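Presented below is the structure to which this report refers.
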Amino acid sequence: MGKMKDLLIELQETPIMTPCPDCVGIGTIELDVYRPHGPNRDVGYIDTRTVVCETCSGDGEYERLCDCGSPVTKIMGHDAEKCMECADDA
Ligand SMILES: [Zn+2]
Ligand SMILES: [Zn+2]
């Protein structure tokens, strides 16, 4: 029986991760950097620079949060948007 209980606790404590919409789960974003022409460059061009996504801090996903600020955990089901406490209130 111990195994089942462990699984239940894990589901209650593991937050659902939402793929980051800003970097579509990659963790980095490509920014356009405008390089005008100058003394060392004949022609201006647009460069791209890869930066770490600020929304997810480079993880590509983040914890789904309930309106109250608590993480929504796996026990609530994949499409849940409320934490255990708020679901109990409803
Ligand atoms: Zn991101
Ligand atoms: Zn909540």
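All ligand and atom numbering here is 1-based and tracks the order in the structure. The residues of the chain are indexed from 1 along the displayed sequence. If you're wondering where the values come from, they're calculated on a predicted model, not measured in any experiment.
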In terms of hydrophobic clusters joined by side-chain contacts under 4.5 Å, are V72 and I75 together?
yes
When you measure from the side chain of R64 to the backbone N and O of H78, does any donor-acceptor pair fall under 3.5 Å?
yes
Say whether, by atom type as modelled, one donor and one acceptor occur between the side chain of T14 and the main chain of E10 under 3.5 angstrom.
yes
Note: with side-chain heavy atoms under 4.5 Å as the link, the other cluster members for V43 come out as none
In this structure, would I16 and M84 fall into the same cluster of hydrophobic residues linked by side-chain contacts under 4.5 Å?
yes
Using a cut-off of 2.8 Å, find all protein N, O or S atoms closer to the Zn ion (ligand 2) than that distance.
C66 SG, C68 SG, C83 SG, C86 SG
Considering all heavy atoms of both residues, which atom of K82 and which atom of C66 are nearest to each other, and what is their separation?
CA-SG, 3.9 Å
Identify which protein N/O/S atoms are less than 2.8 Å from the Zn ion (ligand 1).
C20 SG, C23 SG, C53 SG, C56 SG
Could you tell me which non-hydrogen atom of C56 sits nearest to which non-hydrogen atom of Y62, and how far apart they are?
CB-CD2, 4.3 Å
Please output the side-chain donor-acceptor pairs of residues 28-36 that fall under 3.5 Å, not counting sequence neighbours, one pair per line with the distance.
from	atom 1	to	atom 2	distance (Å)
R35	NE	D47	OD2	3.3
R35	NH2	D47	OD2	3.2

What is the distance from atom NZ of K5 to atom CD1 of I9, rounded to the nearest 0.5 Å?
5.5 Å
